[in-house]
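In what follows, a single structure is set out as structure tokens and then discussed.
The figures here come from the full heavy-atom set of this structure, side chains too, leaving out hydrogens, waters and symmetry mates.
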Amino acid sequence: VILLCFRRYLLTALTSCLFWNTFGLGAAMDSKPNILLFLADDLGIGDIGCYGNNTIRTPNIDRLAREGVKLTQHVAAAPLCTPSRAAFLTGRYPVRSGMASSNGYRALHWNAGSGGLPPNETTFAKLLQQQGYTTGLIGKWHQGVNCESFNDHCHHPLNHGFDYFYGMPFTLLNNCQENKPPEMDVSLQAKLWLYSQIIALTVLTLAVGKLTGLISVRWKIIAWFTLVGGLFFISWYSSYGFVQYWNCILMRNHDITEQPMRLERTASLMLKEAVSFIKRNRQGPFLLFVSFLHVHTPLFTTKKFLGKSRHGLYGDNVEEMDWMVGKILDSLDKEGLKNHTFTYFASDHGGHLEGQDGSAQLGGWNGIYKGGKGMGGWEGGIRVPGVVRWPGVLPAGTVIDEPTSLMDIYPTLVHLAGGVLPQDRVIDGRNLMPLLQGRAQKSEHEFLFHYCGSYLHAVRWHQKDSGAIWKAHYVTPIFRPLGAGGCYDRGFCPCFGEGVTHHDPPLLFDLSRDPSEAKPLTADTEPLFDTVVRKIGRAIEEHRRTLTPVPEQLSLYNIMWKPWLQPCCGTFPFCWCDKESDSTQSL
């Protein structure tokens, strides 16, 4: 009897063991995994080898795909940095948190603005922190800094669940590099310069006329014009004239370490910090979010990689980023953490098609997909690479064609950490683990809503019973020149106004048959046209009922430069420092 019972027990144990290992839920999931997130800036889905590029070398990202799962229909919640990253951090459409703009300024413009990720939003870092994780952010933030004073840090990463921060509170710009043309509000600055010159010329003309007796005018009037002109010039030049000092800074936690930053050593410092974080926290569990400054303009690239790619400076910058990915993955291997780490790589949105310097392309390639950065509806603006690796848990070499979102990382991480999603708000992301492990064959997303700022441009319907992926465009940008694939006359496509076309009925595509969105369907060519349009229309109505009014963080007031909010490592306005002089050795 004892022998029979032992046999039954052994058989049950073996069966249970086989079940758990079959579904990749063995020993690796007995404890909380470490989490390593890589997010590139402005990288196109067509820029890396595992997504079809055979001319830019990305062996380390490609290795992640071979050893893990590749998502082919991974989409961002917004086509620009600030709102896309807000959605990534919170698992919610940016319109829910106020991080979607109704004006032409669709991303934060200054460290000294008052807008940013609201303190009442709960990031995945905050939830993982509550589950015992040590959390770190290395690189780009671009979610705001202060609200009411220069050091309240209400929007700062450390106020949003990160224990450690090293990087840029803002984003890279051409203004951060000495020999590059300015990038911020170029047309506005040109107008301000013109108005300033007109005022100066007026003052000069009046003064000369007065001195020569040709004009009868009182000196008080000339003095008044001079005062007004001086104040006008100071009012705008005090901000736009010193962008490198105001925006291009590095911080460690709450302290500024470089103002302005020295780009020639930034990549080395970021890499050193990431490797050091892993080493310090190898006992785990940890969350490390490596938010690359690559591959945003000015594409500053170290000498080791300059001229090495077949795609100019942009290709050089991509290859340098891939090298950094490899070095960080090597540090995981060195610490014996590879099999106990959930690793994820993605981009915040599509490549910037209009990013050019003469004939040189400074933006990414979005493969077969139409559009790019700034375009909320077209696939090229929102479809991004998505690679996930967890050896022993996720099946290697898997490709998933189901619709997934950057917002899905939020509930996935909370699930892995053993946490509970907030119950007081709508979470738009879905847990990816059943799909990644093969326990589910279909994405949990039925509808995905594609915003440009706060304007709904398109909706995707995953019709699971038929396999069709319908996409209806209600608003599309007008490409210039006509027939081009972008808004080359503006630099970015707008979300509203004269630069867009409204469609009623909407342009309809089936992405499963036409992923390039080349041939819109009509009621004559698609029997289900009316049915699909009605179904998507009802989904929009239901979605809008879940939205509640919130303060707009990207309002004109919130994004404007406010000197009293300016982070400064000295006494304002004398803001400059270099505390990294002893940390310049390259890795």
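The line from CD of Glu517 to CZ of Phe509 is 5.5 Å long, rounded to the nearest 0.5 Å. With values rounded to the nearest 0.5 angstrom, Gln131 atom CD is found 14.5 Å from Lys126 atom NZ. Distance check: Asn159 CG to Phe165 CZ gives 13.0 Å after rounding to the nearest 0.5 Å. Note: His462 NE2 to Ser443 OG = 6.5 Å, rounded to the nearest 0.5 Å. The CG atom of Leu413 sits 10.5 Å away from atom CE of Met433, with the distance rounded to the nearest 0.5 Å. To the nearest 0.5 angstrom, Arg57 atom CZ is 9.0 Å from Arg310 atom CZ.
For Phe170 and His109, the ring centers sit 6.0 Å or farther from each other. For Phe162 and His156, the gap between ring centers reaches or exceeds 6.0 Å. The aromatic ring centres of Phe449 and His543 sit less than 6.0 Å apart. Note: Trp378 and His473 meet the aromatic proximity criterion, with ring centroids under 6.0 Å apart.
Side-chain N or O atoms of Ser454 include one that pairs as donor or acceptor with a backbone N or O of Ser101 at under 3.5 Å. Looking at Asp408, its side chain never comes within 3.5 Å of a backbone N or O of Leu432 through a donor-acceptor pair. Side-chain N or O atoms of Asp41 include none that pairs as donor or acceptor with a backbone N or O of Ser347 at under 3.5 Å. Put simply, the side chain of His349 never gets that close to the backbone of Gly372: no donor and acceptor are under 3.5 Å apart. Between the side chain of Lys32 and the backbone N or O of Gly418, no donor-acceptor pair lies under 3.5 Å. Although no hydrogens or angles enter the test, the distance criterion places no donor-acceptor pair under 3.5 Å between the side chain of Asn366 and the main chain of Tyr369. Thr135 places no side-chain N or O within donor-acceptor distance of the main-chain N or O of Leu287, the cut-off being under 3.5 Å. Between the side chain of Gln553 and the backbone N or O of Ser97, no donor-acceptor pair lies under 3.5 Å. Between the side chain of Lys535 and the main chain of Trp461, no donor-acceptor pair closer than 3.5 Å is present. In this structure a side-chain-to-backbone donor-acceptor pair under 3.5 Å is present from Trp141 to Gly144.
Sorted by first and then second residue, the ring pair (Phe, Tyr, Trp, His ring centres under 6.0 Å) pairs with a member in residues 53-85 read His74-Tyr344; sequence neighbours excluded.
With no hydrogens or angles considered, no side-chain donor-acceptor pair links Asp348 and Ser84 at under 3.5 Å. A donor-acceptor pair shorter than 3.5 Å cannot be found between the side chains of Thr58 and Asn60. Checked by atom type, the side-chain pair Asp42/His294 shows no donor-acceptor distance below 3.5 Å. One side chain, Asp510 or Ser512, offers a donor N or O that lies under 3.5 Å from an acceptor on the other. Side chains of Ser291 and Arg85: a donor-acceptor N/O pair is present below 3.5 angstrom, by distance only. Between the side chains of Thr301 and Asp316, not a single donor N or O lies within less than 3.5 Å of an accepting N or O. At a cut-off of 3.5 Å, with distance as the only test, a side-chain donor of Ser102 or Glu552 sits close to an acceptor on the other residue.
A ring-ring contact (aromatic ring centres under 6.0 Å, His included) with Phe88 holds for exactly one of Tyr410, Phe289, Tyr93; it is Phe289.
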What's the verdict on side chain to side chain contact (heavy atoms under 4.5 Å, CB included) for Thr297 and Leu173, showing C-alpha distance, side-chain angles and the deciding distance?
-> CA-CA 6 Å; Thr297 50; Leu173 295 165; over 6 Å; no

Decide salt bridge (Lys or Arg N to Asp or Glu O under 4.0 Å) for Glu354 and Lys373; before the verdict, give the C-alpha distance in whole Å, the side-chain angles of both, and the deciding distance to 0.1 Å.
-> CA-CA 9 Å; Glu354 298 92 346; Lys373 177 180 179 177; over 6 Å; no

Chi angles and distances behind the side-chain hydrogen bond (donor to acceptor under 3.5 Å, both in side chains) call for His445, Thr404 | CA-CA 7 Å; His445 290 289; Thr404 57; over 6 Å; no

Ser516/Lys370 under side chain to side chain contact (heavy atoms under 4.5 Å, CB included): CA gap, chis, key distance, verdict = CA-CA 6 Å; Ser516 300; Lys370 181 182 291 187; over 6 Å; no

Taking it one step at a time, do His160 and Leu137 satisfy side chain to side chain contact (heavy atoms under 4.5 Å, CB included)?
-> CA-CA 11 Å; His160 278 294; Leu137 167 60; over 6 Å; no

Check the pair Arg96, Thr546 against side-chain hydrogen bond (donor to acceptor under 3.5 Å, both in side chains), reporting the backbone distance first and the verdict last.
-> CA-CA 9 Å; Arg96 297 193 190 278; Thr546 70; 3.1 Å; yes

Could you go through the side chain to side chain contact (heavy atoms under 4.5 Å, CB included) check for Leu406 and Val384 one step at a time?
-> CA-CA 9 Å; Leu406 265 69; Val384 297; 3.5 Å; yes

Begin with the C-alpha distance, continue with both residues' side-chain angles, and end with the deciding distance and a verdict on salt bridge (Lys or Arg N to Asp or Glu O under 4.0 Å) for Glu446 and Arg430.
-> CA-CA 11 Å; Glu446 184 177 9; Arg430 299 291 182 266; over 6 Å; no

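Partners of Val475 by side chain to side chain contact (heavy atoms under 4.5 Å, CB included), not counting sequence neighbours, listed by chain and number: His457, Val500, His502.
Considering every non-hydrogen atom in both Ser405 and Leu448, the closest pair reads CB-CD2, 4.4 Å. Closest of all the heavy-atom pairs between Pro33 and Leu416 is CD-O, 3.8 Å.
Salt-bridge check for Arg513 with Glu526: passed, with a basic side-chain N closer than 4.0 Å to an acidic carboxylate O.
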